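Structure first, commentary second.
Quick caveat, the model's predicted, so the values are computed rather than measured.
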Amino acid sequence: MTLTAVPVRTPSPATSRARVRRRVLLFAAAGLLALFALLTVSLTTGEIPMPAGTALRALAGLGDPGDVLVVQQFRAPRSVAAIVAGAGLGAAGCVLQRLFRNPLASPDVMGVTGGASLGAVALIAAGASQALIPVGALGGGLLAALLLGVFAWRSGLAVTRLVLTGLAVQAGLAAAVNLMIVRFPAELAGSALQWTTGSVYGRTWAEVWGAGGAMVLALAAALVMHRRLAVLDLGDDSAGALGLRTSTARLQLLVVAVALASLAAALAGPVTFVALAVPHIVRFVTGPPTAASLALAGLTGAVLLLASDLVVQHLLPIEGLPVGAVTATLGAPWLLVLMLRQSSPVQRSHG
């Protein structure tokens with residue numbers, strides 16, 4: 001009996017690109033539908049439930065004045081703040097993980113969240129207006145980036161040195177925040193602790209529009225600079241051979257990522273897990289990173305943070321629980337799984 005070999009058809013590059021494009025479009029459509037559904041739920045549910053049509057009319061300023069007040073001044077700013085902050089965290093995590101070629105890289109590792117917490121807590125201690133606290137968070141995040149750049153510059157912004165320096169900066173800033181909270185009067189300590197956990201409660205339209213406008217500019221800068229990120233993916237030697245100044249490009253991308261994460265922290269506080277998990281979710285669905293991956297990371301982050309905030313508001317029995325508590329609870333096992341995968345023999349053999 002003669003066995004005939006069956007030829008195996010290898011998909012052509014054009015076919016592979018078409019499949020990836022189809023997955024990206026389906027993922028984007030699903031994300032937009034999920035975001036619209038979650039936003040509708042957030043506007044219609046609460047102590048004063050209302051039909052979707054009533055909530056949408058109230059959002060436009062039509063209908064009962066009480067409904068307009070509830071939707072426009074309480075529900076809509078909180079929901080939009082979660083969307084904007086989630087988009088910034090997702091995009092920041094995507095840039096940082098590609099920049100450092102490390103699946104564990106996130107604003108937490110690089111010290112950005114520690115800096116944002118320090119800036120906000122310092123203003124709380126000074127008795128500043130609640131409206132100025134997001135500004136302090138933004139300034140603190142940028143201060144953390146400055147410290148990171150100063151400490152790591154001597155090594156030419158090498159990847160390993162940046163990660164280790166970021167961990168040191170984060171630990172130092174977190175210790176400073178804890179020391180300040182311990183010395184706070186009792187009436188200020190509770191407010192500071194809630195902010196450092198991460199929350200979108202009480203956001204106003206002024207805060208949302210200010211951070212949202214800056215976030216659009218930062219996201220646009222990240223998309224424009226995506227080509228440099230793609231060249232850096234080839235390695236420093238290959239990128240240098242192609243004429244790219246790797247240290248300058250890495251610093252520029254780091255500034256953009258820090259701006260994204262700091263603006264998110266200015267709205268929602270130092271929310272964890274979102275920036276860490278979102279790039280992995282997008283990469284699992286769409287495959288190798290592209291410019292579309294960055295946009296999808298922003299969309300996925302917005303969906304994830306808004307969904308987490310709805311869980312806090314309506315599914316958990318603890319009133320006043322900040323959204324950061326939910327994301328941190330999800331993030332702890334996720335981080336453990338990632339660390340175990342990174343340390344496994346199979347991963348090391350393929351690294």
Side-chain angles (χ1 to χ4, degrees), residues 24 84-113 115-116 138 141-142 144-146 148-149 152 157-163 165-167 169-170 211 214-236 239 244-268 270-302 304-305 338:
V24 167
V84 173
L89 289 172
C94 185
V95 172
L96 287 175
Q97 288 187 14
R98 288 189 63 187
L99 184 62
F100 299 134
R101 298 190 290 276
N102 189 326
L104 300 178
S106 71
D108 304 335
V109 174
M110 307 317 300
V112 177
T113 56
L138 177 59
L142 296 175
L146 178 62
L148 178 64
L157 295 179
V159 172
T160 303
R161 181 67 176 270
L162 275 170
V163 173
T165 304
L167 287 170
V169 169
Q170 175 72 12
M215 187 75 75
V216 169
L217 295 177
L219 286 170
L223 290 170
V224 169
M225 297 176 66
H226 176 267
R227 186 178 299 274
R228 301 177 197 179
L229 195 58
V231 176
L232 286 173
D233 285 342
L234 302 175
D236 286 1
L244 183 68
R245 298 179 61 182
T246 56
S247 294
T248 301
R250 188 171 286 120
L251 180 60
Q252 292 170 341
L253 288 163
L254 179 61
V255 168
V256 171
V258 167
L260 289 168
S262 298
L263 290 167
L267 272 180
V271 176
T272 58
F273 171 67
V274 176
L276 176 66
V278 163
H280 295 274
I281 297 172
V282 173
R283 191 160 52 244
F284 176 78
V285 175
T286 64
T290 62
S293 302
L294 188 60
L296 289 177
L299 176 61
T300 306
L304 184 57
L305 190 56
L338 285 179

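- A pairwise comparison of heavy atoms in G90 and P279 identifies O-CG, 4.4 Å as the closest pair.
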Verdict with supporting geometry, V282 and V278, side-chain contact (heavy atoms from CB on, under 4.5 Å): CA-CA 6 Å; V282 173; V278 163; 4.3 Å; yes

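- R245 contributes atom CZ, which lies 11.0 Å from atom CG of L251 (distance to the nearest 0.5 angstrom).
- In terms of modelled atom types and a separation under 3.5 Å, the side chain of Q97 and the main chain of S106 share no donor-acceptor contact.
- Taking OG1 of T300 as the start and CG of L305 as the end, the distance is 12.5 Å to the nearest 0.5 Å.
- When every heavy atom of V256 is checked against every heavy atom of A221, the shortest pair comes out as CG2-CB, 4.3 Å.
- Among V169, L260, V258, L142, the single residue meeting the side-chain contact (heavy atoms from CB on, under 4.5 Å) criterion with V112 is V258.
- In this structure, L263 and A218 approach most closely via the heavy-atom pair CD1-CB, 4.4 Å.
- Atom CG of L296 is separated from atom CD1 of I281 by 12.0 Å, given to the nearest 0.5 angstrom.
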Between R283 and R98, is the side-chain contact (heavy atoms from CB on, under 4.5 Å) condition met? List the steps. CA-CA 11 Å; R283 191 160 52 244; R98 288 189 63 187; 5.6 Å; no

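- To the nearest 0.5 Å, atoms CG (L229) and CZ (R250) are separated by 10.0 Å.
- Nearest heavy atoms, P107 versus A92: CG-CB, 4.4 Å.
- Of the inter-residue distances, the one linking L304 atom CG with L89 atom CG reads 9.5 Å to the nearest 0.5 angstrom.
- One finds the CG atom of L232 at 9.0 Å from the CE atom of M225 (value rounded to the nearest 0.5 Å).
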Quick one: do L99 and L254 satisfy side-chain contact (heavy atoms from CB on, under 4.5 Å)? Show the steps, please. CA-CA 8 Å; L99 184 62; L254 179 61; 4.2 Å; yes

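- In this structure, M215 and V84 approach most closely via the heavy-atom pair CE-O, 3.5 Å.
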